[in-house]
*Asks:* 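Dropping a structure here in structure tokens format, bear with me for questions.
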Amino acid sequence: MARYSVTNLHAGTQQNLSTSYKTLLSLTAATGATTLRKGWIYDILLGADGTPADNSITYKVDRQTSVGTVTTAVGAPLDGGDAAGLLEESVNNTIEPIVTAATQFIELAVNQRASYRWVAAPGGELVVPATNVAGIGIRAKSAAYASTTTAGCHYWE
């Protein structure tokens, strides 16, 4: 299986946080020249890249059933000999996707000065379903921090 890396710094313009969730990055299956396929997220990296202060940022990873308005990114193969991935990598939403209620996999508050890394235990990877435009999104919000954050993940398909 080929492995890939994508961040919301790969394309588009980062969106400032507010008190409502902003989707930073999402992986979805997409109908294209090939059949739909699953993906497995095994590593997520999160952090603020604005001026440091002591504010809280809440990150959330959950299921979504649409992509909203996004910039399409291209995941980088971790092995240069692998072909381009077939999952859709979307970053820096300007219009939010439809998020499935009560499906959060990860939800945590982090001090703005901190970063966070989640690594799946073997067999505990987050699964992107082989359903058109369905997938997993990484979102953030803050009551006080009004600048940008980064989100990245490693996945295989």
Side-chain angles (χ1 to χ4, degrees), residues 2-32 36-53 55-78 84-101 103-119 125-129 131-157:
R3 297 177 187 274
Y4 302 89
S5 172
V6 65
T7 77
N8 69 323
L9 299 176
H10 278 169
T13 303
Q14 290 175 279
Q15 303 296 304
N16 288 337
L17 295 187
S18 69
T19 56
S20 298
Y21 280 108
K22 292 298 267 181
T23 301
L24 309 170
L25 168 71
S26 61
L27 288 177
T28 58
T31 303
L36 294 167
R37 71 167 51 187
K38 286 183 179 182
W40 292 263
I41 298 172
Y42 64 90
D43 190 6
I44 296 174
L45 303 113
L46 306 165
D49 58 351
T51 304
N55 296 308
S56 175
I57 299 172
T58 302
Y59 292 98
K60 191 172 183 183
V61 179
D62 44 17
R63 291 215 181 274
Q64 60 187 42
T65 57
S66 75
V67 292
T69 301
V70 300
T71 301
T72 300
V74 177
L78 296 183
L86 296 177
L87 290 181
E88 178 92 14
E89 298 103 348
S90 304
V91 297
N92 302 315
N93 283 59
T94 54
I95 296 177
E96 290 299 299
I98 296 170
V99 174
T100 307
T103 60
Q104 63 267 18
F105 300 111
I106 299 168
E107 186 170 11
L108 72 149
V110 176
N111 185 285
Q112 178 191 339
R113 294 179 188 268
S115 58
Y116 180 77
R117 182 173 188 189
W118 173 85
V119 180
E125 299 86 357
L126 303 179
V127 179
V128 176
T131 304
N132 192 38
V133 303
I136 295 175
I138 301 171
R139 308 184 300 150
K141 72 176 182 176
S142 178
Y145 177 65
S147 192
T148 57
T149 63
T150 61
C153 73
H154 294 106
Y155 67 96
W156 57 276
E157 58 179 49

*Asks:* State, yes or no, whether a side-chain contact exists between Arg3 and Tyr155 at a heavy-atom distance under 4.5 Å.
*Replies:* no

*Asks:* How many angstroms lie between atom CG of Asn8 and atom CG of Leu24, to the nearest 0.5 angstrom?
*Replies:* 5.5 Å

*Asks:* Testing the basics here: between Ala48 and Tyr145, what is the closest heavy-atom pair and its distance to 0.1 Å?
*Replies:* CB-OH, 3.8 Å

*Asks:* Answer whether the closest heavy-atom distance between the side chains of Val91 and His10 falls below 4.5 Å.
*Replies:* no

*Asks:* Report the C-alpha separation of Leu108 and Thr58 in whole Å, then their side-chain angles, then the decisive distance to 0.1 Å, and conclude whether the side-chain contact (heavy atoms from CB on, under 4.5 Å) test is met.
*Replies:* CA-CA 6 Å; Leu108 72 149; Thr58 302; over 6 Å; no

*Asks:* Does Ser142 use its side chain to pair, donor to acceptor, with the backbone of Ser56 at less than 3.5 Å?
*Replies:* yes

*Asks:* Validate the cation-pi geometry between Arg63 and Phe105: distance from NZ or CZ to the six-membered ring centre under 6.0 Å, angle to the ring axis within 45°.
*Replies:* no

*Asks:* Where is the tightest heavy-atom contact between Ser90 and Val67, given as atom of each residue plus distance?
*Replies:* OG-CG1, 4.2 Å

*Asks:* Nearest 0.5 Å, what's the CD-CG distance between Glu157 and Leu27?
*Replies:* 9.0 Å

*Asks:* Cut-off 3.5 Å, side chains only: do Asn55 and Gln112 have a donor facing an acceptor?
*Replies:* yes

*Asks:* Could you measure the distance from the CH2 atom of Trp156 to the OH atom of Tyr42? Nearest 0.5 Å is fine.
*Replies:* 10.0 Å

*Asks:* State, yes or no, whether a side-chain contact exists between His154 and Ser5 at a heavy-atom distance under 4.5 Å.
*Replies:* yes

*Asks:* Mind checking the OG1-CD1 spacing from Thr65 to Ile98? Nearest 0.5 Å is all I need.
*Replies:* 4.5 Å

*Asks:* Which pair of heavy atoms, one from Ala29 and one from Thr131, lies closest together, and at what distance?
*Replies:* CB-O, 3.5 Å

*Asks:* Return the CZ to CD distance between Arg139 and Gln104, rounded to the nearest 0.5 Å.
*Replies:* 9.0 Å

*Asks:* Taking all non-hydrogen atoms of both residues, which atom of Thr19 and which atom of Ala143 are closest, and how far apart?
*Replies:* CG2-CA, 3.9 Å

*Asks:* Is there a donor in the side chain of Asp49 and an acceptor in the side chain of Thr148, or the other way round, less than 3.5 Å apart?
*Replies:* yes

*Asks:* Begin with the C-alpha distance, continue with both residues' side-chain angles, and end with the deciding distance and a verdict on side-chain contact (heavy atoms from CB on, under 4.5 Å) for Leu126 and Val61.
*Replies:* CA-CA 10 Å; Leu126 303 179; Val61 179; 3.8 Å; yes

*Asks:* Which pair of non-hydrogen atoms, one from Ile57 and one from Ala140, has the smallest distance, and what is that distance?
*Replies:* CG2-CB, 4.1 Å

*Asks:* To check you understand the geometry: which heavy-atom pair defines the closest contact between Pro97 and Ser66, and what is its length?
*Replies:* CB-O, 3.1 Å

*Asks:* So, does Ser18 use its side chain to make a donor-acceptor pair with the main chain of Ser20 at under 3.5 Å?
*Replies:* yes

*Asks:* Decide whether Gln64 and Ser26 meet the rule of one side-chain donor and one side-chain acceptor closer than 3.5 Å.
*Replies:* yes

*Asks:* Quick one: do Ile136 and Ile41 satisfy side-chain contact (heavy atoms from CB on, under 4.5 Å)? Show the steps, please.
*Replies:* CA-CA 9 Å; Ile136 295 175; Ile41 298 172; 4.1 Å; yes

*Asks:* Got Trp118 and Asp43 here, is their nearest side-chain heavy-atom distance under 4.5 Å?
*Replies:* no

*Asks:* Please tell me whether Glu96 and Thr23 have a donor and an acceptor in their side chains that are separated by less than 3.5 angstrom.
*Replies:* yes

*Asks:* Does the side-chain contact (heavy atoms from CB on, under 4.5 Å) test come out yes or no for Thr150 and Leu9, once each step is laid out?
*Replies:* CA-CA 7 Å; Thr150 61; Leu9 299 176; 3.8 Å; yes

*Asks:* With heavy-atom distances below 4.5 Å as the criterion, would you say the side chains of Asn93 and Lys22 are in contact?
*Replies:* no

*Asks:* So, taking the atom named OH in Tyr116 and the one named CD1 in Ile44, what distance separates them when rounded to the nearest 0.5 Å?
*Replies:* 8.5 Å

*Asks:* Check whether any side-chain heavy atom of Tyr59 lies under 4.5 Å from a side-chain heavy atom of Ile106, and answer yes or no.
*Replies:* no

*Asks:* Are side-chain heavy atoms of Val6 and Cys153 found at a separation under 4.5 Å?
*Replies:* yes

*Asks:* Kindly indicate whether the side chain of Leu17, heavy atoms from C-beta on, has any atom under 4.5 Å from the side chain of Thr149.
*Replies:* yes

